[in-house]
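To start, the structure itself, in structure tokens.
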2 protein chains.
Amino acid sequence: MPETPTATVRGPIRRPAPLRQAVYEALTEMIINGSLKPGQHLVEAELAESLGVSRQPIREALQRLQTAGWVDLRPAQGAFVHSPTTEECAQLLSVRALLETHSAHGAAQHATPHDVARLWELQQTGLTALAAGDARAIVEANAALHTHITHLSRNAVLAELIPQVDRRVRWYYMPIAKPRGKDAWSEHARIIEAIADRDADRAEELMRRHTQNTTDFYCKQIAAVAVHSA
Amino acid sequence: MPETPTATVRGPIRRPAPLRQAVYEALTEMIINGSLKPGQHLVEAELAESLGVSRQPIREALQRLQTAGWVDLRPAQGAFVHSPTTEECAQLLSVRALLETHSAHGAAQHATPHDVARLWELQQTGLTALAAGDARAIVEANAALHTHITHLSRNAVLAELIPQVDRRVRWYYMPIAKPRGKDAWSEHARIIEAIADRDADRAEELMRRHTQNTTDFYCKQIAAVAVHSA
DNA sequence: ATGGAGAATACTGTATGCAATCATCCCTCG
DNA sequence: CGAGGGATGATTGCATACAGTATTCTCCAT
């Protein structure tokens with residue numbers, strides 16, 4: 001059977017690796033792309049069978065998914081896909097703005113020419129995806145760029161915390177990736193320039209405005225959708 | 001055998017409750033109070049026996065301990081108590097400063113008179129502990145106060161993220177709690193006043209300076225210890 | 001004596017089985 | 001006809017057993 005109708009079915013995970021990690025990635029993927037819908041009850045046995053593993057790796061993956069905010073784990077009831085609210089999303093974006101701004105400051109202080117070159121590569125990847133109009137690729141490139149800036153800040157705590165926030169932002173960001181893309185990537189370019197100049201304060205300020213623009217754009221988009229659906 | 005000499009031995013966990021939670025709390029306690037030393041290899045079977053449970057709850061607790069930053073979990077090798085570095089501590093404090101500052105701003109916007117009254121209660125608890133010279137109680141009161149400010153900000157994402165950073169700061173904070181206490185708690189009082197006045201900008205600025213003072217104090221203390229031990 | 005190969009050991013990773021708990025549905029009683 | 005209580009099925013929580021892998025110790029060769 002090449003594909004069954006139910007969207008949650010998946011082929012077995014590649015064996016030679018920590019299964020819990022593979023399961024974790026598979027489940028996040030399924031949540032992001034909508035195979036697992038918000039509020040849905042995740043039954044361990046079902047997931048285990050569809051992924052071709054036992055319940056144990058599933059349980060461990062679910063625990064990590066909870067701390068990452070993907071699922072809510074209610075004792076003696078099991079896991080439920082997290083239902084995001086617009087309020088929570090605004091909070092996520094505001095915290096992200098804070099952390100990324102701090103991160104940009106540090107990146108500008110520590111970046112080497114080699115690091116900057118890598119940033120320009122990622123920027124190019126993003127522009128290509130933007131030209132192709134591939135929302136999925138745009139979001140991915142965006143995440144890759146921001147992640148790399150985070151690492152350049154040489155702050156392990158930040159690098160640990162930001163992904164927790166950022167991946168969830170990615171989820172919400174998908175629908176607005178294309179319309180927001182053009183401005184976003186030109187802002188990226190200016191941020192990279194500031195980092196290349198080792199101008200920490202300018203990089204910080206540009207990142208602050210960049211994340212603020214994204215937040216504003218998202219809120220407007222939400223409002224528009226709300227009106228449209230009314 | 002009522003007690004074995006090894007410091008890691010503990011009585012069984014109270015049964016009627018999620019065991020993984022109880023194990024998690026027991027292990028954090030042991031790490032904080034030094035029963036489990038930094039770098040130490042945590043063997044699942046040993047912990048399981050000493051806590052009177054099977055390996056399963058231990059494993060789940062260790063996973064959570066990893067995401068909280070208490071242990072490092074190396075694949076196929078097991079769990080090791082995290083060894084903090086002064087560099088990492090500085091990063092933790094800087095991130096904490098960022099988050100707490102943002103939190104203070106939100107708290108001043110949303111606080112009700114009842115909330116403010118509660119803050120003054122916590123402040124009083126801290127002053128009492130300070131007068132008694134009980135470092136443990138000081139740290140606890142400090143954490144309680146900051147936690148409550150976080151909740152007042154009405155930002156669920158912040159409230160979720162800050163404890164992850166804050167608990168680890170608490171760990172490092174213990175040795176400097178007493179000498180830092182006097183200034184810290186008078187700064188707290190001014191922050192509470194700003195929150196009571198609903199002056200978000202002032203609260204934010206006061207919190208920024210407060211966390212900055214704490215960071216500076218910590219760094220000086222570390223330097224002093226380094227000189228002393230040299 | 002020292003370096004390396006191989007085997008023994010110990011530990012983690014995974015699977016399976018059992019008991020406790022929660023949700024649901026049906027039956028009975030008011 | 002509606003509400004409450006109990007039985008049944010499903011699902012989680014925990015424990016045990018097995019397999020794979022990294023580490024360490026020993027023994028042999030150089």
Side-chain angles (χ1 to χ4, degrees), chain A residues 6 8-27 30-31 36-67 70-83, chain B residues 4 6 8-27 30-31 36-68 70-83:
Chain A
T6 58
T8 61
V9 172
R10 270 293 182 100
I13 305 294
R14 67 183 192 280
R15 291 291 275 186
L19 279 192
R20 57 187 170 195
Q21 173 95 6
V23 170
Y24 176 85
E25 287 163 12
L27 290 179
M30 287 195 272
I31 292 175
L36 303 175
K37 302 202 182 324
Q40 179 174 344
H41 184 195
L42 300 180
V43 179
E44 295 176 359
E46 288 179 10
L47 297 176
E49 189 177 9
S50 77
L51 293 176
V53 300
S54 82
R55 278 177 53 209
Q56 173 94 2
I58 300 286
R59 284 179 69 82
E60 298 187 355
L62 286 176
Q63 299 248 343
R64 286 188 53 194
L65 285 167
Q66 181 189 30
T67 67
W70 291 111
V71 306
D72 301 318
L73 210 50
R74 296 192 290 195
Q77 279 191 304
F80 298 80
V81 179
H82 180 71
S83 295
Chain B
T4 66
T6 58
T8 60
V9 171
R10 269 295 183 100
I13 305 293
R14 66 184 192 282
R15 292 291 280 187
L19 279 192
R20 54 186 171 195
Q21 174 92 7
V23 170
Y24 176 85
E25 287 163 10
L27 290 179
M30 287 195 272
I31 292 176
L36 303 176
K37 300 198 186 322
Q40 178 174 346
H41 184 193
L42 300 180
V43 179
E44 295 175 358
E46 287 180 11
L47 297 176
E49 190 177 10
S50 77
L51 294 175
V53 300
S54 83
R55 277 178 54 209
Q56 172 98 2
I58 300 286
R59 285 181 67 84
E60 297 185 356
L62 287 176
Q63 299 246 345
R64 284 188 55 195
L65 286 168
Q66 181 188 30
T67 66
W70 291 111
V71 305
D72 301 317
L73 211 49
R74 296 192 290 194
Q77 279 191 298
F80 297 80
V81 179
H82 181 72
S83 296

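Residue numbers begin at 1 in each chain, while the letters A, B, ... track the order of the sequences.
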Looking at D:dC14, D:dA22, C:dT14, which one has an atom nearest to any side-chain atom of A:Ser54?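 From the listed options, C:dT14 comes nearest.
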Spacing of A:His82 atom NE2 and A:Ile31 atom CD1 [to the nearest 0.5 Å]: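 Output value for this atom pair is 10.5 Å.
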Between atom CZ of A:Arg74 and atom NE2 of A:His41, what is the distance when rounded to the nearest 0.5 Å?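 That separation rounds to 8.0 Å.
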Without decimals, in angstroms, what is the distance between [X] [atom1] and [N] [atom2]?
X: A:Gln66; N: D:dG13; atom1: CD; atom2: P; result: 10 Å
X: B:Arg55; N: C:dC11; atom1: CZ; atom2: P; result: 10 Å
X: B:Phe80; N: C:dT12; atom1: CZ; atom2: C1'; result: 11 Å
X: B:Gln21; N: D:dT12; atom1: CD; atom2: C1'; result: 16 Å
X: A:Leu73; N: D:dT12; atom1: CG; atom2: P; result: 9 Å
X: B:Ile58; N: C:dC11; atom1: CD1; atom2: P; result: 14 Å
X: A:Leu19; N: C:dA15; atom1: CG; atom2: P; result: 6 Å
X: A:Leu47; N: D:dA10; atom1: CG; atom2: C1'; result: 15 Å

Go through the side-chain N and O atoms of A:Gln56 and A:Arg20 and say whether any donor and acceptor fall under 3.5 Å apart.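 Looking only at side-chain atoms, A:Arg20 and A:Gln56 do not form any donor-acceptor pair under 3.5 Å.
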Toward the 5' end of DNA chain D, which comes first, A:Leu42 or A:Gln56, by nearest nucleotide?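 It is A:Leu42, whose closest nucleotide lies nearer the 5' terminus.
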For B:Arg55, the option from B:Glu49, B:Glu60, B:Glu44 that meets salt bridge (charged side-chain N to carboxylate O under 4.0 Å, His left out):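 Answer after filtering B:Glu49, B:Glu60, B:Glu44: B:Glu44.
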Contact nearer the 5' end of DNA chain C, comparing A:Glu60 with A:Pro75: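 The residue mapped nearer the 5' terminus is A:Glu60.
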Measuring to OP1 and OP2 of D:dT12, would you say a side-chain N or O of A:Arg59 lies under 4.0 angstrom away?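 A:Arg59 to D:dT12 OP1/OP2: no side-chain N or O under 4.0 Å.
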May I ask you to evaluate whether B:His41 reaches the phosphate of C:dA10, defined as a side-chain N or O under 4.0 Å from OP1 or OP2?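 Answer no for this pair, as no side-chain N or O of B:His41 is under 4.0 Å from OP1 or OP2.
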